[in-house]
Amino acid sequence: MEMESEPYVRLASLRQLHQAMADMNTARSLADTLQTVADGAVTALGYEITCVNLVRPDGDLVVAAFSGNSAAEALITGRVGSRESWERRLTMGEAWGDLRFIPHTEGWVLDDDDVPQWYTDGPAPRFEDEWHPADRLFAPMYAPGVQGGGSGELLGVISVDRPRNGRHPGAWGREALQMYAFQAAIAISNARLRSNMQRALVRLEREQQALRASEESFRQAFEYAPSGMAIAEMGGDQHGRILRTNDALCRLLGRPASAMRRYSFSDLVHPEDIGTLLRTSAEGGRAELRLGRRDGSYVWVSLRNSVVADAADGPRFLLTHVEDIEERKRRELQLAHRASHDSLTGLPNSAELRSRLSARLCRRPAHGDELDSLDAAYGHPAYDVNGHGFDFASGTDAYDGFDHHVHTVAPEDDRDDGTKGLAVLFCDLDGFKSINDRFGHNAGDAVLIEVARRLSRGVRDGDTVARLGGDEFVILADGLGKADAQDLAVRLRNEIIQPIRAEGRAVRVGASFGIGWAHCGMTADEVLKSADERMYVEKRSRPKQHRRAG
């Protein structure tokens with residue numbers, strides 16, 4: 001992953017990070033999980049070398065996985081560093097949230113301690129935030145349930161070296177590494193739990209003489225697992241009915257164990273996720289979906305099924321592991337929102353605006369005369385049985401991918417014929433540059449934020465207000481006639497010209513609006529260009545002294 005600046009994090013980078021986290025949770029063993037953690041930091045986070053140091057039962061840390069340099073991997077994998085040396089590293093340098101960065105100017109004191117390490121010589125940094133070969137960056141992994149602060153049980157430390165862009169990670173890079181370490185700790189804990197449970201299941205099947213001890217071991221692993229667990233019937237009329245749950249699952253869903261036995265997971269899943277649940281294989285299936293809490297809310301979980309035999313050739317049950325992923329989903333939504341919205345005003349950005357506009361347009365123009373004649377002939381709009389516009393010349397659908405699409409038609413230019421269309425209002429602020437020049441960019445930012453708020457307040461629910469860039473805004477308002485659009489522009493202009501408090505003073509800006517109309521057959525860029533041109537015509541048509549309120 002490139003160390004991208006906020007808020008313009010590429011969706012491809014987010015997908016890489018999401019995939020790396022998903023891979024951690026699908027590894028079959030603890031060893032596979034550790035190696036996946038190391039590989040993911042290289043492929044998804046953009047570091048050339050990653051080392052995973054795991055806490056051993058005696059407290060020291062062993063190099064359990066390495067990625068990025070085969071020579072270094074062969075040299076230090078399996079070597080051990082004392083807990084005392086690691087504790088010193090985790091208290092030195094600079095604290096970046098839960099991360100610990102030790103610059104080369106301080107790290108030289110660690111060269112002779114017993115922690116396995118690898119780095120190559122290189123030139124001195126040429127600029128302030130350039131990565132030095134002797135810089136060190138550590139991401140501690142704490143037991144799930146305790147975030148940050150170092151007060152939880154330390155599971156291990158991820159150490160990374162040599163970012164591909166050669167610079168110290170910025171705010172996004174640090175947040176991504178910290179979140180990655182948090183998810184890695186969960187994956188390692190779950191891998192250990194799965195390993196223990198698999199051993200318990202083997203004992204249940206093969207050690208008939210130790211059945212009672214094996215049952216108790218399973219009970220302990222089930223009842224005290226940090227994540228939710230459930231046992232459900234498999235096969236028969238009661239397939240999927242929950243037989244037993246642990247305390248973690250009951251707490252997660254806010255339901256007592258006695259009530260849980262009245263349900264199956266299909267009763268608890270969000271209606272929109274029923275299909276996901278049904279597509280999940282009963283044997284070893286995995287899905288991410290929402291389960292209903294007692295208070296009516298829903299929580300995102302990762303649900304994984306395993307098959308458990310009660311005894312040799314006896315009935316089989318489904319053992320379901322339920323992991324709370326609400327925090328991860330929230331972070332994913334936040335990252336996606338940052339990629340599609342303006343960081344200053346919170347409005348949809350240029351890419352999101354074009355996406356929303358394109359979604360309303362199909363490739364085939366809506367020709368009024370053709371549609372009118374077909375409507376008259378058939379007594380209804382000229383769409384096929386699926387709601388698609390039909391191309392009678394070719395005998396095919398007029399476009400692909402739009403179910404029940406209704407053509408977007410623009411009102412006539414020379415008269416208001418009552419046609420309702422998708423109005424595109426291009427707004428450019430008048431006098432904004434002088435505010436920036438006279439009072440500074442903080443005042444300018446305050447003006448942009450207030451203008452965004454007034455525009456959002458002045459439109460209907462369902463309309464889109466977006467910031468195109470600089471002091472340019474665009475409003476998408478569907479179902480308007482020409483007079484409606486002109487009235488909307490006047491109302492919004494009157495809102496904008498009211499005084500705005502910025503940096504302790506009242507300032508005023510004006511606004512020029514151009515009204516364009518979207519119709520099928522146009523591209524989003526063509527629609528925006530049309531509205532932009534009309535805005536400049538409107539701006540030039542007014543005397544300069546009338547272009548802003550004062």
Side-chain angles (χ1 to χ4, degrees), residues 1-24 36-52 67-68 93-103 125 127-132 135-142 147-149 157-187 300 325-352 355 441 445 448-449 466-467 469:
M1 175 183 294
E2 297 296 330
M3 299 299 183
E4 299 153 332
S5 60
E6 295 183 13
Y8 302 104
V9 181
R10 294 178 301 167
L11 288 177
S13 299
L14 300 181
R15 294 190 187 103
Q16 284 183 321
L17 182 58
H18 177 268
Q19 185 61 49
M21 293 180 178
D23 291 343
M24 290 190 298
T36 303
V37 170
D39 294 340
V42 171
T43 59
L45 295 179
Y47 295 96
E48 294 185 12
I49 297 178
T50 300
C51 179
V52 179
S67 184
E94 305 172 13
W96 293 352
D98 287 347
L99 308 179
R100 182 64 63 168
F101 173 72
I102 304 177
F127 37 83
E128 183 177 355
D129 65 341
E130 184 177 12
W131 186 270
H132 189 280
D135 287 341
R136 295 171 170 88
L137 180 56
F138 304 115
M141 297 180 291
Y142 295 102
Q147 297 187 39
V157 179
I158 300 174
S159 58
V160 294
D161 192 20
R162 299 211 309 246
R164 290 198 187 99
N165 65 359
R167 295 176 179 269
H168 296 160
W172 155 245
R174 299 176 189 180
E175 176 73 13
L177 178 56
Q178 182 171 310
M179 180 173 61
Y180 188 81
F182 177 73
Q183 293 296 328
I186 294 176
W300 275 101
I325 59 171
E326 184 74 18
E327 180 68 15
R328 171 165 66 81
K329 283 290 184 179
R330 184 184 65 81
R331 290 177 182 269
E332 290 173 359
L333 291 174
Q334 288 178 341
L335 292 173
H337 184 273
R338 290 175 184 175
S340 62
H341 285 70
D342 175 47
S343 61
L344 177 64
T345 64
L347 296 178
N349 59 20
S350 175
E352 178 67 11
S355 175
H441 288 286
D445 288 348
L448 292 174
I449 292 170
R467 184 185 177 198

J.: At their closest point, which heavy atom of G40 faces which heavy atom of Y180, and how far apart are they?
T.: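 Looks like CA-OH, 3.2 Å.
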J.: How far apart are the closest heavy atoms of R174 and P169, and which atoms are they?
T.: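 For R174 versus P169, the nearest heavy atoms are NE-O, 3.1 Å.
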J.: Please assess V160 against I158 for the test side-chain contact (heavy atoms from CB on, under 4.5 Å), listing each intermediate value before the final yes or no.
T.: CA-CA 7 Å; V160 294; I158 300 174; 4.1 Å; yes
J.: Could you walk me through whether R164 and V42 satisfy the side-chain contact (heavy atoms from CB on, under 4.5 Å) test, starting with their C-alpha distance in whole Å, then the side-chain angles of each, then the deciding distance to 0.1 Å, before giving a yes or no?
T.: CA-CA 9 Å; R164 290 198 187 99; V42 171; 3.4 Å; yes
J.: Salt-bridged, R330 to E327, with N to O below 4.0 Å?
T.: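 Yes, charged N to carboxylate O under 4.0 Å.
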J.: Quick check with a 6.0 Å cut-off and a 45 degree axis cone: is R328 positioned over the face of F182's six-membered ring?
T.: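 Not flagged: R328 not positioned over aromatic ring of F182.
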J.: Would a 4.5 Å heavy-atom cut-off, applied to side chains only, mark Y47 and L177 as touching?
T.: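 Counting from C-beta outward, Y47 and L177 do come under 4.5 Å.
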J.: State the CD-CG distance between E175 and L335, to the nearest 0.5 angstrom.
T.: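 Rounded to the nearest 0.5 Å, the CD-CG separation comes to 7.5 Å.
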J.: Check whether any side-chain heavy atom of L137 sits under 4.5 Å from a side-chain heavy atom of H168, and report yes or no.
T.: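 No; the side chains remain at least 4.5 Å from each other.
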J.: Provide the closest heavy-atom pair for D135 versus E130 in the form atom of the first, atom of the second, distance.
T.: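 Residues D135 and E130, closest heavy atoms: OD2-O, 4.2 Å.
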J.: Of the non-hydrogen atoms in L448 and R467, which two are nearest, and what is the gap between them?
T.: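 Heavy-atom minimum between the residues: CD1-NH2, 3.4 Å.
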J.: Using the test side-chain hydrogen bond (donor to acceptor under 3.5 Å, both in side chains), find all partners of D23 that sit at least two apart in sequence or belong to another chain.
T.: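 Listed in chain order: Q19.
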J.: Which pair of non-hydrogen atoms, one from A95 and one from R100, has the smallest distance, and what is that distance?
T.: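 Result for this residue pair: N-NH1, 3.7 Å.
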J.: What's the separation between atom CD in E48 and atom OG in S67, rounded to the nearest 0.5 Å?
T.: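 If I round to the nearest 0.5 Å, the distance is 11.5 Å.
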J.: Could you go step by step and tell me if F127 and R167 meet the side-chain contact (heavy atoms from CB on, under 4.5 Å) rule?
T.: CA-CA 9 Å; F127 37 83; R167 295 176 179 269; 3.5 Å; yes
J.: Hey, what do you get for CZ (F138) to CG (D161), rounding to the nearest 0.5 Å?
T.: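 Here the interatomic distance stands at 9.5 Å.
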J.: Measuring from atom NE2 of H18 to atom CD of Q183, what distance do you get when rounded to the nearest 0.5 angstrom?
T.: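 Output value for this atom pair is 9.5 Å.
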J.: Can you list the steps and then say if L45 with T50 is a side-chain contact (heavy atoms from CB on, under 4.5 Å)?
T.: CA-CA 10 Å; L45 295 179; T50 300; over 6 Å; no
J.: Do W131 and N165 have side-chain atoms, one donor and one acceptor, less than 3.5 Å apart?
T.: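 On atom types as modelled, these side chains do not qualify, holding no pair under 3.5 Å.
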J.: Quick check on E128: does its CD atom have over 12 non-hydrogen neighbours (other residues, nucleotides or ligands) under 6.0 Å away?
T.: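 At most 12 heavy atoms, drawn from other residues, nucleotides or ligands, come within 6.0 Å of this atom.
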J.: Looking at every non-hydrogen atom in both residues, tell me the closest pair between A466 and N349 and how far apart they are.
T.: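 So the minimum-distance heavy-atom pair works out to CB-O, 4.5 Å.
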